[in-house]
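Accompanying notes for the structure given below.
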Amino acid sequence: MDFEIISDILDSETFAQSSGIRELQRLQKIYGKGRWRKCKGYATVRLEDGTVLNAELHWYEAHGIGKHEFKIKHYLE
């Protein structure tokens, strides 16, 4: 991860689950079987260079396994 999440994730929402996730087989192979969901939300992040920005984040999560593979989709003004 080349950024650090420094606030709570707000307005979290699931927009894909189970067979709707293209990466499902890879996630199950790496992290284990579970009810995988692809989610999005908004948080304040600190980049490697120290810049602090608000961003829309996407990640995968499954009950009992946790949240994995956070990525910044875009920065907010």
Q.
If you count heavy atoms of other groups shown closer than 6.0 angstrom to CD of E13, is the number above 12?
A. yes
Q: Under the side chain to side chain contact (heavy atoms under 4.5 Å, CB included) rule, collect the residues that match up with H74, sequence neighbours excluded.
A: E56, L76
Q: If the plane angle is over 60° it's perpendicular, under 30° parallel, otherwise tilted; pick one for Y31 and H68.
A: parallel
Test of understanding: clusters of I, L, V, M, F, W, Y form through side-chain heavy atoms closer than 4.5 Å, transitively. Do [X] and [Y] belong to the same one?
{"X": "I21", "Y": "F15", "answer": "no"}
{"X": "Y75", "Y": "V52", "answer": "no"}
{"X": "L10", "Y": "I5", "answer": "no"}
{"X": "V45", "Y": "F70", "answer": "yes"}

Q: Measure the OH-SG distance between Y60 and C39 for me, rounded to the nearest 0.5 Å.
A: 10.5 Å
Q: Going by the side-chain hydrogen bond (donor to acceptor under 3.5 Å, both in side chains) test, name the single residue among E61, Q17, H63 that passes it with R37.
A: E61
Q.
Is there a side chain to side chain contact (heavy atoms under 4.5 Å, CB included) between L57 and I72? Walk through the geometry before answering.
A. CA-CA 5 Å; L57 303 174; I72 296 173; 3.7 Å; yes
(Q) Give me each pair satisfying ring-ring contact (aromatic ring centres under 6.0 Å, His included) with a member in residues 38-57, each pair once, sequence neighbours excluded. (A) none
Q | Pairs satisfying salt bridge (charged side-chain N to carboxylate O under 4.0 Å, His left out), at least one member in residues 62-74, at least two apart | A | R26-E69
Q. Passes side chain to side chain contact (heavy atoms under 4.5 Å, CB included), L53 versus F3? Steps please.
A. CA-CA 10 Å; L53 301 166; F3 61 93; over 6 Å; no
